[in-house]
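Every heavy atom of this structure was used, including side-chain atoms; hydrogens, water molecules and symmetry mates were not.
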Amino acid sequence: MVRSLKVKDYMATKLVTFTPDLNVVEAMKRILARGITAAPVVDEAGQLVGILSEVDLMRVVIQDRYYNEPLGIVGDYMKTRVDTVDPNLDIFILAERFIHEHRRRYPVVCEGKLVGQVSRRDVLHAAVDYRDR
């Protein structure tokens, strides 16, 4: 019997995360320094409350350049509606979601808490592992 490959077996668990009250320019610096395109936003309890991406930060650039307004905090720019996946989701079902929803990654949430992140590349690793059995 072939065991099902689960998201939890392939997800990244050491993530760059932000808090909603972090200065947005500091968040931008961290994204650039780490070479990432987005990061989950969590509250003090580790609950996922949003995600901040390079696209969201473009609003910061525009606001700074054209409106010369104070830039604010992560909570002012993050998306609060975040599609997530469960750590026990079958990796091949996730592959279908990636195809249909055109995402690069999903935060992995268990009981409201961020426990990891899974990317398209993680699914490819799982597929290779499956083939090599």
Side-chain angles (χ1 to χ4, degrees):
M1 179 175 168
V2 177
R3 94 175 164 88
S4 176
L5 301 180
K6 303 291 184 188
V7 166
K8 65 184 175 187
D9 299 324
Y10 291 92
M11 68 184 188
T13 57
K14 295 182 184 202
L15 307 176
V16 173
T17 61
F18 301 136
T19 58
D21 60 345
L22 179 68
N23 179 288
V24 73
V25 175
E26 180 59 31
M28 190 181 302
K29 289 177 183 177
R30 291 181 190 178
I31 280 179
L32 291 170
R34 296 295 295 268
I36 57 176
T37 60
V41 182
V42 295
D43 66 14
E44 311 80 41
Q47 300 279 327
L48 181 68
V49 296
I51 194 160
L52 184 73
S53 71
E54 290 174 322
V55 172
D56 301 321
L57 292 170
M58 290 298 118
R59 293 190 346 225
V60 175
V61 172
I62 292 168
Q63 183 172 329
D64 186 40
R65 172 67 174 99
Y66 293 109
Y67 302 110
N68 198 23
E69 295 177 1
L71 297 178
I73 57 175
V74 167
D76 296 334
Y77 297 95
M78 69 183 188
K79 286 186 180 65
T80 56
R81 185 172 172 269
V82 181
D83 292 328
T84 64
V85 298
D86 184 274
N88 291 308
L89 180 67
D90 183 277
I91 205 85
F92 296 106
I93 292 172
L94 176 61
E96 291 179 21
R97 278 189 68 180
F98 273 120
I99 291 169
H100 296 297
E101 297 177 10
H102 305 287
R103 304 265 189 237
R104 292 180 182 208
R105 75 195 56 77
Y106 289 98
V108 182
V109 174
C110 184
E111 298 179 7
K113 291 196 182 209
L114 179 69
V115 295
Q117 180 172 272
V118 64
S119 69
R120 295 182 297 199
R121 183 161 293 178
D122 297 325
V123 172
L124 296 178
H125 282 291
V128 168
D129 287 352
Y130 182 80
R131 297 281 306 172
D132 288 345
R133 288 181 178 194

Is any side-chain heavy atom of V60 closer than 4.5 Å to a side-chain heavy atom of M28?
-> yes

Hey, which of V74, V42, D43 is the one that makes side chain to side chain contact (heavy atoms under 4.5 Å, CB included) with V49?
-> D43

Does any non-hydrogen side-chain atom of V24 lie less than 4.5 Å from one of L57?
-> yes

Shortest non-hydrogen contact from D122 toward A12 = OD2-N, 4.4 Å

Could you pull out the closest heavy-atom pair between A39 and V16, with the gap in Å?
-> CB-O, 3.4 Å

Min side-chain heavy-atom separation V108-T84 under 4.5 Å = no

So do the side chains of V7 and I91 get within less than 4.5 Å of each other, counting heavy atoms only?
-> yes

Which word best sums up how the rings of Y106 and F98 line up, parallel for under 30°, tilted for 30 to 60°, or perpendicular for over 60°?
-> tilted

Classify the side-chain pair R105/T37 by whether it contains a donor and acceptor separated by less than 3.5 Å.
-> yes

In terms of heavy-atom contacts, E54 and I36 come closest through OE2-O, 3.9 Å

Side chain K6, main chain P87, donor-acceptor under 3.5 Å = no

Would you mind reporting whether T13 and V115 have side-chain heavy atoms less than 4.5 Å apart?
-> no

Tell me, do F92 and V123 make a side-chain contact under 4.5 Å, heavy atoms counted?
-> no

Could you list all the salt bridge (charged side-chain N to carboxylate O under 4.0 Å, His left out) pairs where at least one residue sits in residues 92-102, not counting sequence neighbours?
-> R97-E101

So which heavy atom on L89 is nearest to which on I93, and how close?
-> CD1-CG2, 3.8 Å

Minimum heavy-atom separation for P107 to D83, with atom names?
-> CD-O, 3.3 Å

Heavy-atom closest pair, residues S53 and K79 | OG-NZ, 4.2 Å

Answer whether the closest heavy-atom distance between the side chains of Y77 and V41 falls below 4.5 Å.
-> no

